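Following: one structure in structure tokens, then a few remarks.
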Amino acid sequence: MPPVPETFDFIIVGAGSAGCALAYRLTESGRYRVLLLEAGEDDRWIWLRIPTGIAKVLVGERALWRYTTESEPGLGHRPLFWPRGRVTGGTATVNGMFWVRGDPAEYDRWRDELGNPGWGYADVAPVFQRMEAYAGGDPAVRGREGPLSITEYNPRDPLTDAFLRACAQAGFPESPDYNGGRYFGGGVMQLSTHRGFRFGVRDGYLYPAMKRANLKVITGAHATRVLFEGARAAGVEYRRGGVLHTARATRETILSAGSIQSPQLLELSGIGQAALLARHGIAVRQHLPGVGENLRDHLQARLMVEVRGFKTLNTILPNPLARLAMGARWLMLRNGLMSVPGATAHAYVTTQPGQRQPDIKLQLHHLTSPDERNPKKIVLDERDGFSIGVVQQQPASRGSIHIRSADPFAAPEIRANYLSAPGDIDAFIRGMRLARRVTQQPALAAHVVRELRPGPALESDAALEDYIRGTIFGSYHQVGTCRMGRDPQAVVDPHLRVHGVPGLRVADASVMPTIPASNTNAASILAGEKAAEFILAEAASG
């Protein structure tokens, strides 16, 4: 006999960045009963708490969904590894912990050019402020008492200091707070950490909310489809431990399963491209051609140099005594290199005159590797070195994510179409030349022994293009597959309601029309916070 369905006011699918924020806000008043479904488990593994543990997490399977793109023509027909969090907190529990609100001008673009009122920077800045507990910056714009602990990497080590001085010498002065509204220039990394430990959405939002009687969290629960009563979404079907369950929502169902699984779940429920659904034998409930489309992601190319006079992870990690000293510092002071996932500073820069927004981010990593993003094993070079990651901020290339079949446990087909837009590779070539220019500034030049990769012999645009296409890797910032807007390709409206489907919203990175910054965690939490605002306002009015 099947389990008796439970009924809730709201059902949230996915305990990731947005889902945890939603659960926290929707249960805050005590008025509404909320169910939060998470396919992963509430794993308390120590490596999910220590920032440098990210290296161990990424090469294992314990806390990850290990997705892979199709062969990418723009990357020499290489598929790319896409890790996503299979744990409470979602990918925020396995990410790089960099706290970046985003480019204010890009949020204004969402509002003014892309038809999303309420999403300009003036609209979202107070929400970011409400989210943060950060001791630095201007208290008029930075939060002091929010759920999320934000810290700044410290102390400033000699390599980090030299990198930021070199950026300034190259024309990109240091900003005292890149999250304070001025997005151009260098800065020390701000991190989602507390006293040296990772402090993500499950710590700041989910665990406090789980103490409330009106929130029920079910882990190991894989949602298989949205349920309907007539045209209205009325809950979800999910499988747990081999048993099929159903849960009913009297008010709304919200998908917060992320840029891969939210469009997948919509398609499994009959919402998407009618022809694609028909091919897989799924009855069409709502033809929305934009479901699974508009996929955007950040790639990262690396300039790597060997150095003298700086101790880096290349020689610290293989040396038991040096590794012990790094660990002892972290245990006693909770700072230093063990308190960050490898990168300590970055700079948002422009590569051409007259650009309105930074088009490239340069990011400092205290290591070099011939194949750093190998999903099975990270190998470091033997001598001290550092890398400058080159990340294009607004790639024009777009891909797609679509189901392969009606099987809810089958991984979808991911076609990122990386570097398919001609301007994208041009931006990376400019960025690589700019990274070289930074290493040639007085603050760094005396320490540089040689350029390891791409190497001084690769100087022409064609040579750099070949290097970039052959070695570039993903930054895991996928967005856009259920993007918001009012045009025919939009999936949700600016209040994140699925077009034509009452009772159903999407709130996660998939709703973003573009990538707002070089890291997407803060903006994903923002989606959950904004969805809660919309939902509670509508509930109060009707």
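Along the sequence shown, the residues carry numbers beginning at 1. Just so it is clear, the model here is predicted, and its values are computed rather than measured.
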- Item | Main-chain N/O of F81 paired to T68 side chain as donor or acceptor, under 3.5 Å | no
- Note: L367 and L380 closest approach over all heavy atoms is CB-CD2, 4.2 Å
- Message: Angle between ring planes, W99 versus F128, binned at 30° and 60°: parallel, tilted or perpendicular?
- Response: perpendicular
- Message: Going by side chain to side chain donor-acceptor pair (under 3.5 Å), name the residues that satisfy it together with E174, two or more places apart in sequence or in a different chain.
- Response: R156
- Query: What closest approach, in Å, do L464 and P454 show between heavy atoms, and which atom pair accounts for it?
  - Reply: CD2-CG, 3.8 Å
- Query: Under the 3.5 angstrom rule, does the side chain of T368 hit a backbone N or O of S387 as a donor-acceptor pair?
  - Reply: no
- Message: Quiz question: by atom type and distance under 3.5 Å, do the side chains of Y107 and R101 form a donor-acceptor pair?
- Response: no
- Message: Going by side chain to side chain donor-acceptor pair (under 3.5 Å), name the residues that satisfy it together with Q394, two or more places apart in sequence or in a different chain.
- Response: none
- Message: Taking A463's backbone N and O only, do any of them form a donor-acceptor pair with D466's side chain (distance below 3.5 Å, no angle check)?
- Response: no
- Within the distance-only criterion (no hydrogens, no angle test), does the side chain of R296 pair as donor or acceptor with the backbone N or O of G480 below 3.5 angstrom? no
- Around E382, counting heavy atoms of other residues, nucleotides and ligands shown, do more than 12 lie under 6.0 Å from its CD? no
- Could you give the distance from OG (S369) to CG (L313), rounded to the nearest 0.5 Å? 11.5 Å
- Item | Side-chain heavy atoms of L22 within contact of S256, under 4.5 Å | yes
- Compare all side-chain heavy atoms of L206 with those of V201 and state whether any distance is below 4.5 angstrom. no
- Aromatic ring proximity, centroids under 6.0 angstrom, H346 and F98: no
- Item | Stepwise salt bridge (charged side-chain N to carboxylate O under 4.0 Å, His left out) test for K311 and D384 | CA-CA 6 Å; K311 294 300 291 181; D384 283 309; 3.8 Å; yes
- Message: Just verifying a value: how many Å separate I414 CD1 and I260 CD1, rounded to the nearest 0.5 Å?
- Response: 4.5 Å
- CD1-CG distance between I150 and L191, expressed to the nearest 0.5 angstrom: 8.5 Å
- Query: Which atom pair, heavy atoms only, marks the closest approach of L48 to A63?
  - Reply: CD2-CB, 3.9 Å
- Item | Donor-acceptor contact below 3.5 Å, side chain Q355 vs main chain Q352 | yes
- Note on the structure: Between the CZ atom in F386 and the OG1 atom in T312, the distance rounded to the nearest 0.5 Å is 10.0 Å
- Item | Note, Y348 side chain near R182 side chain (heavy atom, < 4.5 Å) | no
- Query: Is R62 atom CZ crowded by more than 12 heavy atoms from other residues, nucleotides or ligands, each under 6.0 Å away?
  - Reply: yes
- Query: Taking side chain as C-beta onward, heavy atoms only, is P370 less than 4.5 Å from R453?
  - Reply: yes
- Message: When you measure from the side chain of T91 to the backbone of G85, do you find a donor-acceptor pair of N or O atoms at a distance under 3.5 Å?
- Response: yes
- Message: On a heavy-atom basis, which atom in A345 and which in M189 lie closest, and how many Å separate them?
- Response: N-CG, 3.6 Å
- Query: Is any side-chain heavy atom of D123 less than 4.5 Å from a side-chain heavy atom of W110?
  - Reply: no
- Worked check of side-chain hydrogen bond (donor to acceptor under 3.5 Å, both in side chains) between Q478 and R84: CA-CA 10 Å; Q478 299 91 8; R84 310 307 295 167; 2.8 Å; yes
- Message: How close do N314 and D381 get, counting heavy atoms only, and between which atoms?
- Response: CB-O, 3.4 Å
- Query: Does R25 reach the side chain of P147, with side-chain heavy atoms less than 4.5 Å apart?
  - Reply: yes
- Query: Do other residues, nucleotides or ligands put more than 12 heavy atoms under 6.0 Å from the CD atom of E145?
  - Reply: no
- Item | Residue list, side chain to side chain contact (heavy atoms under 4.5 Å, CB included) with D112, at least two apart or on another chain | D108
- Message: Can you list everything that forms a side chain to side chain donor-acceptor pair (under 3.5 Å) with W82? Sequence neighbours excluded, please.
- Response: Y418
- Query: How about L114 and T514: do any of their side-chain heavy atoms sit closer than 4.5 Å?
  - Reply: yes
- Just checking, any donor-acceptor pair under 3.5 angstrom between side chains of T344 and T160? yes
- Message: Is it the case that the side chain of R165 and the backbone of Q441 share a donor-acceptor pair, with hydrogens and angles ignored and the cut-off at 3.5 Å?
- Response: no
- Message: Using ring centroids (six-membered ring only for Trp), state whether W330 and F197 fall under 6.0 Å.
- Response: yes
- Supply the atom-to-atom distance W47 CH2 to I54 CD1, rounded to the nearest 0.5 angstrom. 12.0 Å
- Q169 side chain to A443 backbone, donor-acceptor under 3.5 Å: yes
- Message: Could you work out, with side chain to side chain contact (heavy atoms under 4.5 Å, CB included) as the rule, every residue matching A15, not counting sequence neighbours?
- Response: C20, L36, E38
- Message: Using every non-hydrogen atom in the two residues, find where G336 and P155 come nearest and quote the distance to one decimal.
- Response: N-CD, 4.1 Å
- Item | Test item: side-chain donor near acceptor, R398 and N417, under 3.5 Å | no
- Are a donor atom and an acceptor atom from the side chains of N179 and Q190 found within less than 3.5 Å of each other? yes
- Distance from I316 atom CD1 to H366 atom NE2, nearest 0.5 Å? 9.0 Å
- Query: Any side-chain heavy atom of Y205 sitting closer than 4.5 Å to one from E529?
  - Reply: yes
- Query: Can you list every salt bridge (charged side-chain N to carboxylate O under 4.0 Å, His left out) pair that touches residues 416-436, not counting sequence neighbours?
  - Reply: D359-R430, R433-E459, R433-D461, R436-E451, R436-E459
